[in-house]
Amino acid sequence: MDEQRRRHYLAVMGVQNWIPQAVDGVGSKGKATSPEAVVEVSQVLSAEEIPPWIDEVPPVGNERATGSEPDAAIPQGNPVSRLGWDGLSRQVAQCTACDLHAGRQHTVFGVGNREADLMVIGEAPGAEEDRQGEPFVGRAGQLLNAMLGAIGLRREQVYIANILKCRPPGNRDPRPEETLRCAPFLDRQIALVAPRVILTVGRIAAQNLLKSQEAVGRLRGKDAEFEGIPVIVTYHPAYLLRTPAQKARAWQDLQRVRKLLK
Ligand code: SF4
């Protein structure tokens, strides 16, 4: 990626500049040695260099960034672990395993490259995702695209999925029984994609995948894995839109992803 394009994506993320030596704060095994000090914003770009939608898009009430406790169980007799892509997407589309099926317009299966090196995992569909049947659309989706662009990846090059395939009403946190019922679908998607790296965005995704109750701020920057696949934890784009000060830390997480993919 050329320098101008990289700077554009960084500007979209709200990270105006970064200090390369700060990446050295991430140890040779990918473990953050000083996560709070790694990224610094040292130069402010002019307002014209930042795309207008960054400031103009309204609050993100329909986009998800929070959630509930994890659970590890899988529904009994579930054949999902043997399904291929077609069977899996059909089963998700017809799924009534939890109460969320009653209120959905569409299931949100997942999108992207089914042979991707990087898999991005979020929480659950918001209102717009429910309408369109695709994860990470709208303003948070635009920021996610910019975040991926900042490390040289287009949205179509990665695979994007959520912990839940149906929208919780009113964007409430997923309930344990819902994540429990839905987990086999994501497990199978991960097995089929077999990514080299997983990036979780937001608390729900990180807690469910890592079977942890820690906050994102405590999980990020640490070595973690799912079924032998390295997991990088970062903030949800919707949260970053509300809390731009954390974009520098998200950029640090993305650099860890880039380093693992090299
Ligand atoms: S959220 Fe998951 S388990 Fe619940 S109905 Fe939708 S696809 Fe099925």
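One-based numbering, in listed order, for ligands and for the atoms of each. What you are looking at is a predicted structure, and each value in this text was computed from that prediction instead of being measured.
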Contacts of atom 2 (Fe) of ligand 1 with protein N/O/S atoms, counting only those under 2.8 Å: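 Those protein N, O or S atoms (cut-off: under 2.8 Å from atom 2 (Fe) of ligand 1) are Cys182 SG.
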
Under 4.0 Å to a heavy atom of Arg104 - the qualifying atoms of ligand 1, by number: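 Those of ligand 1 that fall under 4.0 Å from Arg104 are 5 (S), 6 (Fe).
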
Nearest heavy-atom neighbours spanning Ala205 and Ile163: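 So the two residues come closest at CA-CG1, 3.7 Å.
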
Thr200 versus Val231, closest heavy-atom pair with distance: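 Taking every non-hydrogen atom into account, CG2-CG1, 3.8 Å.
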
Side chains of Cys166 and Thr107 in contact at under 4.5 Å (non-hydrogen atoms):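 Yes, close enough: below the 4.5 Å cut-off.
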
Beyond-backbone contact of Val197 with Asp117, side-chain heavy atoms, under 4.5 angstrom: no

CZ (Arg196) with more than 12 external heavy atoms under 6.0 Å: yes

Leu192 side, atom CG; Arg114 side, atom CZ - distance, nearest 0.5 Å: 8.5 Å

